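Report on the following structure.
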Amino acid sequence: MPSLAPPGQDGPIMILQPLPGVGDMVWHLPAIHRLAALHPDREKVLLTKQRSRADELFAADPAIDRVIWVDRAEKHAGPGGFRALINDLRQEGFARSYQLHHSSRYAGAIAGAGIPERFAYGTTAVTRWLSQPPHLGTAMRRDHPIDLANQFIELLDAPPVDHADQLRVSPELANQVQQNFAGFPKPWIAIGVGSSEAFKQWGAERFASFVAALAAKQPATFFLLGGPGEAAFQLVIEAALTGSGASRLVAGFEWPISHIIAAQAAMDAYVGNDTAFLNISAAVGVQAFGLFGATEPLRYSPLIEAIMPEDGPISCEDGMARIHPAKLADQLSERLFNHR
């Protein structure tokens, strides 16, 4: 299709990405960057949920000028919340919106707010009626969110952007990471012990065995990434590292997302569960080895390499347990230590 004409009236541009997770937002980075590039002289406002941590993810990114929240738990819940969302959007005076989702509720709120130019996937009859072409069509209704966003951007003929898939890192935080850990042995390896579901968790004992086996081959610094609920992993891994010489352990369980982004950008590699940290590593240009014992491997980035069970298919019941720490350490040691 021909390139999009500029919006017909004054006002900011809204980009809606309502999937709640940090990883969900990282998946949509290329689409958001390319949409923003369509409107270099307009304010770009991202509408999303607070669980995405979008305010921190885009803190150093010029593509997005502001982040506003949709609160489906309270303020924007139910019929009254639908009207509140319409009122909130109307007050912004948006000239155009891009909806990176198939929800008819959001499409209805955007239309009700009087936003004159409304682009959406159009994977259901309702969203096609509420938005203008191009449309993906109903056949893509259940496709992966990455595929939906990428196909939509291609239909819009949004311009390519250099490094569009990368998270921008605050220079101040990047310098802080280098200063705080100067003298810590290289390589620096992020160990992603966090997990949103139990069936995707490799477990403290396996992580400890893996880290100890890798440290026995060469000194390194291991940065433990997870939430406060995984803080107990540190004690198990520390015990396994006893006697491993110069190797160091750094705990990042309480770090804000902006600090985690800066730290991961300084890593030589990521090894860990299929979680937001895996996606962040790829988005800051760092090779990521994801443990896909229980979930289908992510294929959207060449920087994500799937580690899978050697003795059978993936399984939510025992797939993670069939990824063996010592074998994984042998497999990755040459990659991590000799080819940096």
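Just so you know, these numbers come straight off a predicted model, no measurement behind them.
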Given the rule that I, L, V, M, F, W and Y join up when any side-chain heavy atoms are under 4.5 Å apart, are Phe184 and Leu173 in one cluster? no
Going only through I, L, V, M, F, W and Y residues with side-chain contacts under 4.5 Å, is there a path from Phe82 to Trp69? no
Examine the side chains of Thr295 and Asp274 and answer whether a donor and an acceptor come within less than 3.5 Å of each other. yes
Steps toward side-chain contact (heavy atoms from CB on, under 4.5 Å) verdict (Asn180, Val250): CA-CA 11 Å; Asn180 288 347; Val250 177; over 6 Å; no
Among residues at least two apart in sequence or on other chains, which ones pass side-chain hydrogen bond (donor to acceptor under 3.5 Å, both in side chains) with Glu92? Arg66
Going by ring pair (Phe, Tyr, Trp, His ring centres under 6.0 Å), name the residues that satisfy it together with His324, two or more places apart in sequence or in a different chain. none
Working to the nearest 0.5 Å, report the span between CE of Met308 and CD1 of Ile323. 8.5 Å
Heavy-atom pair with the smallest gap, counting every atom of Ala329 and Leu214: O-CD1, 3.7 Å
Side-chain contact, heavy-atom cut-off 4.5 Å: Ile15 with His28? no
On a heavy-atom basis, which atom in Arg168 and which in Ile261 lie closest, and how many Å separate them? O-CG2, 4.3 Å
How close do Ala212 and Ala240 get, heavy atom to heavy atom, and via which atoms? CB-O, 3.5 Å
Straight-line distance of Ser170 OG to Glu56 CD, nearest 0.5 Å: 11.5 Å
Any side-chain heavy-atom pair from Leu249 and Ile191 closer than 4.5 angstrom? no
Student check: side-chain heavy atoms of Leu100 and Ile32 closer than 4.5 Å: yes
Output, in order, the C-alpha distance, side-chain angles, deciding distance and verdict of side-chain contact (heavy atoms from CB on, under 4.5 Å) for Arg90 and Ile86. CA-CA 6 Å; Arg90 182 179 291 125; Ile86 289 175; 3.5 Å; yes
Tell me if a side-chain donor or acceptor on Asn273 pairs with a main-chain N or O of Gly194 at a distance below 3.5 Å. yes
Are the side chains of Glu205 and Pro325 in touch, meaning some heavy atoms are under 4.5 Å apart? no
Supply the atom-to-atom distance Thr275 OG1 to Leu225 CG, rounded to the nearest 0.5 angstrom. 10.0 Å
Output all residues satisfying side-chain hydrogen bond (donor to acceptor under 3.5 Å, both in side chains) with Lys200, sequence neighbours left out; order by chain, then residue number. Glu197
What pairs meet the side-chain hydrogen bond (donor to acceptor under 3.5 Å, both in side chains) rule with one or both residues in residues 124-134, with sequence neighbours excluded? Thr124-Thr127, Ser131-His135
Is the shortest heavy-atom distance from the side chain of Met25 to the side chain of Gln17 under 4.5 Å? yes
Taking atom types as modelled, is there a side-chain donor on Glu317 or Ser315 under 3.5 Å from an acceptor on the other? no
With a 4.5 Å heavy-atom cut-off, do Ile153 and Pro30 have their side chains touching? no
Would you mind reporting whether Ile110 and Leu130 have side-chain heavy atoms less than 4.5 Å apart? no
Could you pull out all residues at least two apart from Arg322 that satisfy side-chain hydrogen bond (donor to acceptor under 3.5 Å, both in side chains)? Asp311, Asp318
Interatomic spacing from CZ in Phe337 to CD in Gln218 - rounded to 0.5 Å: 5.0 Å
Could you see if Leu4 belongs to whatever hydrophobic cluster contains Leu16? Use Ile, Leu, Val, Met, Phe, Trp, Tyr and a side-chain cutoff under 4.5 Å. no
Looking at every heavy atom in both Val169 and Ala265, which two are closest together, and how far apart are they? CG2-CB, 3.7 Å
Considering only residues two or more places apart or on different chains, which pairs with a residue in residues 291-307 satisfy salt bridge (Lys or Arg N to Asp or Glu O under 4.0 Å)? Glu305-Arg335
Hey, could you give me the NE2/OG1 distance between His101 and Thr123, rounded to the nearest 0.5 Å? 9.0 Å
Not counting sequence neighbours, list each pair that qualifies as a ring pair (Phe, Tyr, Trp, His ring centres under 6.0 Å) and has a residue in residues 252-297. none
Within the side chain of Asp65, is there an N or O that forms a donor-acceptor pair under 3.5 Å with the backbone of Val45? no
Shared hydrophobic cluster, Ile146 / Leu46 (ILVMFWY, side-chain heavy atoms < 4.5 Å): yes
If you define the side chain from C-beta out and look only at heavy atoms, does anything of Leu156 sit under 4.5 Å from Arg34? no
With sequence neighbours excluded, what pairs up with Lys217 under the side-chain hydrogen bond (donor to acceptor under 3.5 Å, both in side chains) test? Asp330
Please test Arg96 against His39 for side-chain contact (heavy atoms from CB on, under 4.5 Å), starting from the C-alpha separation and ending with a verdict. CA-CA 10 Å; Arg96 179 180 288 180; His39 306 283; 3.2 Å; yes
Could you pull out all residues at least two apart from Asp10 that satisfy salt bridge (charged side-chain N to carboxylate O under 4.0 Å, His left out)? none
Residue list, ring pair (Phe, Tyr, Trp, His ring centres under 6.0 Å) with Phe119, at least two apart or on another chain: Tyr98
The salt bridge (charged side-chain N to carboxylate O under 4.0 Å, His left out) partners of Glu230 (sequence neighbours excluded) come to none
What verdict does the side-chain contact (heavy atoms from CB on, under 4.5 Å) test give for Gln264 and Val286, after you've listed the backbone C-alpha separation in whole Å, the side-chain angles of each residue and the deciding distance to 0.1 Å? CA-CA 7 Å; Gln264 288 194 250; Val286 171; 5.8 Å; no
For Pro187 versus Leu336, what's the shortest heavy-atom pair and its separation? CG-O, 4.0 Å
Compare every heavy atom of Pro7 with every heavy atom of Ile13, then report the nearest pair and how far apart it is. CD1-CG, 3.8 Å
What pairs meet the ring pair (Phe, Tyr, Trp, His ring centres under 6.0 Å) rule with one or both residues in residues 219-240, with sequence neighbours excluded? Phe181-Phe223, Trp188-Phe223
hydrophobic_cluster_shared for Ile280 and Leu19, side chain cutoff 4.5 Å: no
Rounded to the nearest 0.5 Å, what's the gap from CG on Leu328 to CH2 on Trp202? Could you check? 5.0 Å
